[in-house]
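Notes for the one structure printed next.
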There are 2 protein chains.
Amino acid sequence: MTIQQIKYFLVLAKELHFWNTAEKVFISQSSLSRQIQALEDELQIQLFERDKRNVKLTNAGKFLQEQWREEIKEFDQIIRQAKKIDEGKTGTISITYPGSIAYEFLPKFLEVLSNNLPDLKIELTEPIDENHEKLLLNFQTDIAFSRDKIKNANIDSQKLYSEPICLVVPKNHRLNKKNLTRLENEKFIISGLHQTTFFASLLRSWFSKNGIEPKTIIESDFGGMIMNLVSKGLGISILPLSFKSAQAENVEFIELEEKIDLYINWRKKELNNTIKKVIELAKNVAKK
Amino acid sequence: MTIQQIKYFLVLAKELHFWNTAEKVFISQSSLSRQIQALEDELQIQLFERDKRNVKLTNAGKFLQEQWREEIKEFDQIIRQAKKIDEGKTGTISITYPGSIAYEFLPKFLEVLSNNLPDLKIELTEPIDENHEKLLLNFQTDIAFSRDKIKNANIDSQKLYSEPICLVVPKNHRLNKKNLTRLENEKFIISGLHQTTFFASLLRSWFSKNGIEPKTIIESDFGGMIMNLVSKGLGISILPLSFKSAQAENVEFIELEEKIDLYINWRKKELNNTIKKVIELAKNVAKK
DNA sequence: CCAACTAATGCAAAAACAGCATTAATTATG
DNA sequence: CATAATTAATGCTGTTTTTGCATTAGTTGG
């Protein structure tokens with residue numbers, strides 16, 4: 001049984017038409033017909049009911065379609081991952097990160113990477129679905145930066161640093177360290193409070209701890225946009241201190257007591273030495 | 001790429017010796033050598049480092065060994081399941097059950113099965129690890145009877161019946177319905193209280209509700225053995241009412257208020273019509 | 001009843017595969 | 001240090017499998 005046969009089967013199971021399928025998979029109709037026969041023969045399972053005109057899946061075929069579709073997807077993913085290991089320093093590694101590190105940590109880290117592993121290709125993604133565990137264990141990512149610690153038997157998680165969160169206000173705003181009152185009257189420009197990200201839940205708890213029901217006038221996920229709006233006097237915001245590195249004009253950062261952490265997460269039994277190296281580099285960058 | 005090649009790879013990855021491996025998988029050494037080369041070639045991944053004397057896995061090879069070992073296991077399981085669907089009424093279906101239904105429900109159910117589906121082969125297992133969800137979703141079983149309801153998005157669970165649990169005492173024992181006192185002085189012969197089965201946890205909670213710290217003198221999983229010991233006057237026990245059907249001599253059942261349920265569980269999107277039929281038959285048996 | 005369609009199959013050429021015998025390199029032995 | 005033993009790769013040859021073309025045979029729609 002070949003993987004190719006299974007892939008042919010999956011296309012045919014969708015198309016339910018030998019000629020169209022044959023064309024799609026770049027073999028002749030006769031060859032396809034015989035490949036499917038060979039598969040049925042070897043499995044001793046009838047996959048399709050066909051007469052001279054129609055093709056349809058049997059129940060066993062439907063079952064195998066569902067199961068194999070998933071398994072072949074996994075299968076291909078595994079091979080891609082093995083290739084990464086094989087290619088080592090000249091290969092690709094995938095990194096996911098929260099948008100909030102894009103201004104300070106991430107650029108520093110990427111610079112160090114390109115100095116130490118100049119041929120390494122990096123695939124950066126800011127994940128929508130922040131299920132770091134799944135992304136790591138599926139091999140959809142190799143290194144996940146996150147704001148909260150991941151607790152999973154198959155994942156190692158280490159804190160890189162903490163930083164204060166800050167009120168972000170236009171220059172010469174009435175608020176400053178000595179005068180953090182009447183926040184409830186301020187207009188807030190804030191990153192998706194409704195979301196389930198760690199930062200959003202930290203914000204919600206901060207607001208409730210300070211008895212504030214924030215008047216949110218604009219929501220934006222993009223920190224740069226937020227600072228821009230703040231500098232124009234449209235409202236104030238709350239962001240991690242590292243956004244200061246963006247050097248937005250006309251904006252001041254007022255440190256709050258609350259802190260936020262950054263963690264780095266990777267698969268416990270990682271075999272890819274390049275990934276291990278990258279993790280070490282990340283830790284070094286954070287130490288400085 | 002053939003499944004066979006992957007299986008050869010897995011054996012070689014364990015043996016790390018071409019001659020031994022070739023013998024194990026019943027092909028010649030030269031053929032094996034070329035199969036592995038073909039695999040490496042097609043994947044464009046080096047799996048083994050070999051000189052004229054030694055064979056060892058590369059990191060990518062180690063990774064694929066780990067991943068493929070699991071995936072091939074799943075793969076074979078999926079095919080076995082597909083075969084069951086294909087064979088239908090003449091095939092096999094797997095059923096897991098708690099020991100406590102062996103005296104009444106199970107025999108009735110099996111009789112109905114053999115009348116309605118005479119050619120169907122049944123594989124009965126009393127699972128040690130009562131993880132019904134996993135057993136079902138892995139296709140290790142097709143129908144799981146359980147004492148507690150299973151809550152899982154991919155599993156359908158339905159109650160078949162409830163029955164009282166009973167004190168089991170020798171005939172003419174001082175205990176009866178009017179006189180359920182001083183149980184704390186009785187010696188108990190009970191099925192594994194330390195276990196994590198649903199029945200055990202029900203017993204524990206019953207004892208604590210009644211303020212009893214039972215003196216357990218014998219633990220046994222086998223209901224028949226328990227009743228035998230009770231009849232010999234060695235102690236008393238607690239069992240579901242249906243054990244009465246075993247018609248042990250010299251034993252009386254005293255119904256308690258506590259009830260215990262029996263559920264039947266199956267995969268939500270079951271494609272095997274025979275399994276669906278068997279589920280219907282089970283429901284009918286329970287209704288009577 | 002004919003035309004269009006479609007899955008299966010006979011056939012011949014091409015490709016892939018198997019196993020024997022041998023090679024080439026390494027390690028162990030006396 | 002020479003020789004034997006070990007072991008993975010490879011050349012070669014006969015066998016099996018696979019391929020695609022052309023054709024067949026059954027079905028459907030007009």
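All chains are named by letter (A, B, ...) in the order of the sequence lines, taking the proteins before the strands, and each is independently numbered beginning at 1. Note: hydrogens, waters and symmetry copies are ignored here, and every other heavy atom, side chains too, is used.
The outermost nucleotides of DNA chain D lying under 4.0 Å from heavy atoms of chain B, listed 5' to 3', are dA5(D) to dC12(D). For DNA chain C, the span of nucleotides reached by chain A at under 4.0 Å from its heavy atoms goes, 5' to 3', from dA4(C) to dC11(C).
For Lys276(B), the NZ atom is densely surrounded, since the number of other residues' heavy atoms within 6.0 Å is greater than 12.
As judged by a 4.0 angstrom heavy-atom cut-off over every strand, Gln29(B) is placed among the base-contacting residues.
Aromatic rings from Phe105(B) and Tyr161(B) are positioned such that their centres are separated by under 6.0 Å. Two rings, from Phe109(A) and Phe145(A), have their centers less than 6.0 Å apart.
Between its opening and closing five pairs, the helix from dC1(C)-dG30(D) to dG30(C)-dC1(D) changes axis direction by 30°, a value rounded to 10 degrees.
For the contact set between residues 56-65 of chain A and DNA chain D, defined by any heavy atom under 4.0 Å, there are no members. Within residues 10-24 of chain A, no residue approaches DNA chain D, by heavy-atom distance under 4.0 Å.
Taking the nucleotide of DNA chain D with the nearest heavy atom to each of Asp51(A) and Tyr8(A), the more 5' of the two is matched to Tyr8(A). Comparing Arg34(A) and Arg53(A), the nucleotide of DNA chain C nearest to each residue sits closer to the 5' end for Arg53(A).
Considering only residues two or more places apart in sequence or on other chains, Glu280(B) meets the side chain to side chain donor-acceptor pair (under 3.5 Å) condition with Lys283(B).
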